[in-house]
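Atoms within a ligand are numbered from 1 in the order they appear, just like the ligands themselves. A quick note: this is a predicted structure, and the numbers were derived from the prediction, not measured.
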Amino acid sequence: MTNNIIIFIHLVAAGVAIGSLTYTLLLFLPAIQKIPQPKTAEEHSVTYKALEILAPTVFVCVIVLIGSGIYFLMENYANQVNLKAGYYNLFGIKMIFVIAAFFLSVYSAFSLRASIAHLDLVPENRALVPRVTKKMQSFGTLSLGAITLAAFLGVWLARF
Ligand code: HEM
């Protein structure tokens with residue numbers, strides 16, 4: 001039962017991360033950017049708001065994935081001894097993508113997003129918004145790739 005709950009949490013976090021990145025970066029923003037945007041303050045633009053919510057959402061999902069993944073291994077460490085050769089090679093490759101996803105999401109949430117936060121208090125940073133939001137979209141796309149590959153390797157691990 002515990003394993004079912006841990007893997008359920010692991011899968012929900014992977015689903016939210018991949019789903020929110022795919023929807024925002026591949027569907028919503030390309031569609032919204034084709035429509036002429038009303039001239040408003042930078043912090044009220046749709047792109048700014050979407051990316052402002054996306055970055056911490058992905059970061060939290062990656063943290064939940066790491067926490068639930070480690071908890072799964074701790075719960076099952078006795079059963080992990082007799083696994084087929086190659087399981088931990090696959091696991092190691094998965095961890096490369098997890099580490100990449102972690103640092104990409106930390107950079108987006110705590111460096112890029114923070115550099116254009118509180119624009120009412122630091123209005124001079126409004127000039128940074130177009131460049132930083134573009135960067136957040138590029139780093140988000142890289143995160144999406146890393147998380148998707150980690151998910152594929154996870155599915156492979158579960159059936160190894
Ligand atoms: C970006 C981060 C991650 C993603 C997207 C991800 C995704 C997945 C997915 C989709 C599965 C398949 C579950 C199933 O089909 O039952 C899985 C399995 C697994 N994950 Fe992750 N995972 C991530 C991070 C981690 C981390 C950090 C660890 C451990 C430290 C971990 C450990 C595992 C293990 C051991 C399995 C295999 C479970 C089994 O043998 O049934 N994962 N992962």
Test item: Ser45 side-chain N/O and Glu42 main-chain N/O as donor-acceptor pair under 3.5 Å = yes
message = Strictly under 2.8 Å of atom 21 (Fe) of ligand 1: which protein N/O/S atoms qualify?
response = His10 NE2, Lys94 NZ
Specify the protein heavy atom at minimum distance from [atom]: its residue, its atom name, and the distance to 0.1 Å.
atom                    : value
atom 14 (C) of ligand 1 : Ala158 CB, 3.6 Å
atom 15 (O) of ligand 1 : Arg159 NH1, 3.0 Å
atom 27 (C) of ligand 1 : Ile66 CA, 3.6 Å
atom 26 (C) of ligand 1 : Met95 CE, 3.5 Å

Determine whether the side chain, the backbone, both or neither of [X] has a heavy atom under 4.0 Å from any heavy atom of ligand 1.
X     : value
Ile70 : both
Phe8  : neither
Val62 : neither
Leu11 : side chain

inquiry  = Using 30° and 60° as the class boundaries, would you call the ring planes of Phe102 and Phe59 parallel, tilted or perpendicular?
reply    = tilted
task = Look at the rings of Phe91 and Tyr87 and say which category their plane angle falls in: under 30° parallel, 30 to 60° tilted, over 60° perpendicular.
result = parallel
query = For ligand 1, which atoms, with element, lie under 4.0 Å from some heavy atom of Ile147?
reply = 5 (C)
request  = Flag the pair Arg126 and Glu43 as a salt bridge only when some basic side-chain nitrogen lies within less than 4.0 angstrom of an acidic carboxylate oxygen.
outcome  = yes
Between CG on residue Asn125 and CG on residue Asp120, distance to nearest 0.5 Å = 11.0 Å
Ile70 side, atom CD1; Ile6 side, atom CD1 - distance, nearest 0.5 Å = 12.0 Å
request  = For atom CZ of Phe160, decide whether the heavy atoms of other residues, nucleotides or ligands shown that lie under 6.0 angstrom number more than 12.
outcome  = yes
Other residues, nucleotides, ligands: >12 heavy atoms within 6.0 Å of Phe8 CZ = no
key: Student check: side-chain heavy atoms of Leu51 and Arg113 closer than 4.5 Å   = no
query = Taking C-beta and beyond as the side chain, do Tyr48 and His44 meet within less than 4.5 Å on heavy atoms?
reply = no
Distance-minimising heavy-atom pair for Thr24 and Ala50 = CG2-CB, 4.0 Å
Shortest heavy-atom approach to atom 37 (C) of ligand 1 - which of Trp156, Tyr87, Phe91 = Tyr87
